[in-house]
Amino acid sequence: MNNKSLIILATSLVSGLVLSFGATPMAAAQSAATNIVVGADTTFPPFETETNGQVTGFDIDMIQAIAKAENMTVSLKTLPFNGIIPSLQAGSIDAAVAGITIKTSRMQNVDFSDAYYKSGLSVLVMNDADIKGFDDLKGHVVATKKATSSVDYLTSHGFAPDYVKQFQSIDAAYQALETGGADAVIFDNPVNINFKAGHDNVKTVGPLLTGEYYGIAISKQKPELVDKINAGLAKIRQSGEYQKLFEKYFGGDTSGVVNEVQKPASVAISG
């Protein structure tokens, strides 16, 4: 082998090493998962709850599955429900899950994913109450959770502030009902049903008061995240992971399943 051949061989080897070592960081960067900060209100079982520092629930499993499907990781940040929208606006969180009803007023401040749960408000009372539905609540004290669609519903139906007790957590509203501090609780039906399942002294009365959809709230500072979350939601629907969450958290009750794509603008309620 002459000197010229040795030079060509050496050059080829060096080039190959440069390409080889240069490709590794690039490939790693392409495969690195994007981390998103997701806010969660942990006083909304079975969607979110916290026990001994462990946050679990339907929404938590769902957002984790969506993130995995889209090569993202999730950092959870717990906060009160009425702090979620301001945190999204400030950019301190990228998205939020908390059984958030898609509402026109909220859409002015945050973006929403496609709907993932169909819900509605129901009336919960003690078993010995004479209340048979919403029309019987006039003159009675109703407990609910602050900054939720149930407050909007009561206000729009003429309930004076003195007859609406608002609590930071729904558990406090249920406690008020059981201790006589309120005559009824109006709140999201799946949460009322979840509470009733563990307390044989209460019942739901009357039909659902509203039909509403939950969506994942997303900061308007992260418009690209809407498409990724929607894509991930579609993937877990197709894989069956979404449906399995109803088995795990609702005992197979599929009344809240949203099988078809429901865009926020088409399902948003006013208020």
Side-chain angles (χ1 to χ4, degrees), residues 40-51 56-59 80-82 84 97-103 116-214 245-246 248-257 269 271:
D41 168 27
T42 57
T43 63
F44 195 67
F47 292 90
E48 295 89 19
T49 190
E50 184 173 3
T51 306
T56 58
F58 180 98
D59 281 351
F81 188 83
N82 57 4
I84 286 176
V97 288
I100 306 171
T101 300
I102 301 172
K103 298 169 57 177
Y116 69 84
Y117 192 91
K118 185 177 182 179
S119 184
L121 300 178
S122 63
V123 180
L124 186 79
V125 298
M126 301 301 294
N127 281 338
D128 59 359
D130 292 330
I131 298 167
K132 293 180 173 57
F134 181 78
D135 291 341
D136 295 330
L137 289 178
K138 292 295 183 182
H140 290 279
V141 174
V142 179
T144 192
K145 186 175 176 179
K146 286 182 178 179
T148 60
S149 57
S150 50
V151 177
D152 297 335
Y153 188 86
L154 288 164
T155 302
S156 67
H157 284 77
F159 275 73
D162 290 346
Y163 288 90
V164 181
K165 285 191 175 181
Q166 300 183 47
F167 295 91
Q168 194 68 49
S169 74
I170 192 59
D171 288 338
Y174 290 140
Q175 185 177 13
L177 173 65
E178 291 191 296
T179 56
D183 303 308
V185 169
I186 287 184
F187 202 56
D188 299 57
N189 187 56
V191 183
N192 278 347
I193 294 298
N194 182 68
F195 182 81
K196 185 178 73 168
H199 300 78
D200 58 10
N201 58 340
V202 296
K203 62 184 178 181
T204 54
V205 293
L208 290 183
L209 305 178
T210 60
E212 53 193 64
Y213 288 84
Y214 297 163
L245 294 178
F246 286 85
K248 181 176 180 179
Y249 289 103
F250 298 106
D253 176 14
T254 58
S255 60
V257 169
I269 62 172

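Here the structure is a predicted model, which means the values were calculated and not measured.
Checked against the 6.0 Å centroid threshold, F58 and F246 count as a close aromatic pair. Aromatic pair Y153/F159: centroids not less than 6.0 angstrom apart.
Checking T144 against S150 by side-chain atom types alone, a donor-acceptor pair falls below 3.5 Å.
L137 and A184 get closest at one heavy-atom pair: CD2-CB, 3.6 Å. Of all the heavy atoms in P46 and P190, the pair that sits closest is CD-O, 4.2 Å.
Partners of H140 by side chain to side chain contact (heavy atoms under 4.5 Å, CB included), not counting sequence neighbours, listed by chain and number: I131, D183. Qualifying side chain to side chain donor-acceptor pair (under 3.5 Å) partners for D171, counting only residues two or more places apart in sequence or in other chains: none. Residues meeting the side chain to side chain donor-acceptor pair (under 3.5 Å) test with S149, sequence neighbours left out: E212. Under the side chain to side chain contact (heavy atoms under 4.5 Å, CB included) criterion, T155 pairs with V151, sequence neighbours left out. Among residues two or more places apart in sequence or in another chain, the salt bridge (charged side-chain N to carboxylate O under 4.0 Å, His left out) test is passed with K203 by none. Residues forming a side chain to side chain donor-acceptor pair (under 3.5 Å) with E178 (at least two apart in sequence, or on another chain): N201. In this view, K165 satisfies the salt bridge (charged side-chain N to carboxylate O under 4.0 Å, His left out) rule with no residue, not counting sequence neighbours. For N194, there are no side chain to side chain donor-acceptor pair (under 3.5 Å) partners, not counting sequence neighbours. Partners of D136 by salt bridge (charged side-chain N to carboxylate O under 4.0 Å, His left out), not counting sequence neighbours: none found. Not counting sequence neighbours, D59 has no partner by the salt bridge (charged side-chain N to carboxylate O under 4.0 Å, His left out) test.
For the pair Y174 and F167, the minimum side-chain heavy-atom distance is 4.5 Å or more. Side-chain atoms of T43 and Q168, non-hydrogen and from C-beta on, never get closer than 4.5 Å to each other.
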Cut-off 3.5 Å, no hydrogens considered: what does the side-chain donor-acceptor table look like for residues 117-127, sequence neighbours left out?
unit_1 : atom_1 : unit_2 : atom_2 : d
S119   : OG     : Y214   : OH     : 3.1
S122   : OG     : N189   : OD1    : 3.0
S122   : OG     : N192   : ND2    : 2.9
N127   : ND2    : D200   : O      : 2.6

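With rounding to the nearest 0.5 angstrom, the CZ atom of F250 is 8.0 Å from the OG atom of S255. The distance from the OG1 atom of T101 to the CG atom of D188 is 5.5 Å, given to the nearest 0.5 Å. We find the CD1-CZ distance between I100 and F47 to be 11.5 Å, quoted to the nearest 0.5 Å.
For residues 139-155, the pairs satisfying salt bridge (charged side-chain N to carboxylate O under 4.0 Å, His left out) are D41-K145, K103-D152, with sequence neighbours left out.
Just one of T204, I170, V142 meets the side-chain contact (heavy atoms from CB on, under 4.5 Å) condition when paired with V185; it is I170.
Counting non-hydrogen atoms of neighbouring residues, nucleotides and ligands closer than 6.0 angstrom, the OH atom of Y163 reaches no more than 12 such neighbours.
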Step-by-step side chain to side chain contact (heavy atoms under 4.5 Å, CB included) determination, I193 to D253: CA-CA 11 Å; I193 294 298; D253 176 14; 5.8 Å; no
Pair T56, T49 - check side chain to side chain contact (heavy atoms under 4.5 Å, CB included), show working. CA-CA 6 Å; T56 58; T49 190; 3.5 Å; yes
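Ring geometry for H199 versus F195: interplanar angle under 30°, hence parallel rather than tilted (30 to 60°).
Between the side chain of S169 and the main chain of A172, a donor-acceptor pair closer than 3.5 Å is present.
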